[in-house]
Amino acid sequence: MRVTYDAKAGMAYIYLVDAIAPGEAVRQAIAGDDMAAVLDFDPNGRLLGVELSMRRLHPDLLAIAEQIG
């Protein structure tokens with residue numbers, strides 16, 4: 001599992017696969033009424049990763065996350 005975050009955007013991404021190729025995530029689903037998370041799926045319905053606000057990321061995950069942007 002890989003976790004990245006963009007402090008400027010205030011967003012984090014949890015990869016559930018090694019890498020996501022451009023165009024591989026073909027469907028997104030919003031989880032939660034307040035857009036708590038966006039789930040990315042491949043064409044076969046496999047969950048690739050989850051984008052969420054950094055404030056919702058557990059501190060242990062943030063500690064190992066790679067900063068991007």
Side-chain angles (χ1 to χ4, degrees):
M1 179 177 65
R2 177 179 168 217
V3 181
T4 61
Y5 72 95
D6 182 335
K8 186 174 182 179
M11 299 301 289
Y13 197 85
I14 301 171
Y15 291 80
L16 302 177
V17 296
D18 290 332
I20 301 172
E24 187 176 5
V26 298
R27 185 172 68 85
Q28 287 74 40
I30 297 172
D33 293 334
D34 62 349
M35 294 184 61
V38 178
L39 311 175
D40 289 333
F41 295 91
D42 74 3
N44 298 316
R46 183 175 66 144
L47 181 60
L48 301 172
V50 180
E51 181 180 43
L52 62 156
S53 168
M54 281 177 52
R55 71 178 193 277
R56 295 187 178 274
L57 193 64
H58 190 281
D60 290 346
L61 283 179
L62 189 57
I64 64 165
E66 166 191 348
Q67 184 171 357
I68 60 171

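All heavy atoms count here, side chains included; hydrogens, waters and symmetry mates do not.
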The ring pair (Phe, Tyr, Trp, His ring centres under 6.0 Å) partners of Tyr15 (sequence neighbours excluded) come to Tyr13
Pairs involving residues 60-69, ordered by first then second residue, that meet salt bridge (Lys or Arg N to Asp or Glu O under 4.0 Å) (sequence neighbours left out) = Arg2-Glu66
Tracing side-chain contacts under 4.5 Å among Ile, Leu, Val, Met, Phe, Trp and Tyr outward from Leu57 reaches Met1, Val3, Tyr5, Ile14, Leu16, Leu39, Phe41, Leu47, Val50, Leu52, Met54, Leu61, Leu62, Ile64
What pairs of donor and acceptor atoms, side-chain ones from residues 17-25 against any protein atom, are under 3.5 angstrom apart with sequence neighbours left out?
residue, atom, partner, partner atom, Å
Glu24, OE1, Ala21, N, 2.9

Using the ring-ring contact (aromatic ring centres under 6.0 Å, His included) rule, collect all pairs that involve residues 48-69, keeping only residues at least two apart or in two chains.
-> none
Which pairs, with at least one residue in residues 5-14 and sequence neighbours excluded, count as a salt bridge (Lys or Arg N to Asp or Glu O under 4.0 Å)?
-> none
How long is the gap from CZ on Arg46 to CZ on Arg27, to the nearest 0.5 Å?
-> 13.5 Å
List in chain and number order the residues that pass side-chain hydrogen bond (donor to acceptor under 3.5 Å, both in side chains) with Thr4, two or more places apart in sequence or in another chain; answer none if no residue qualifies.
-> none
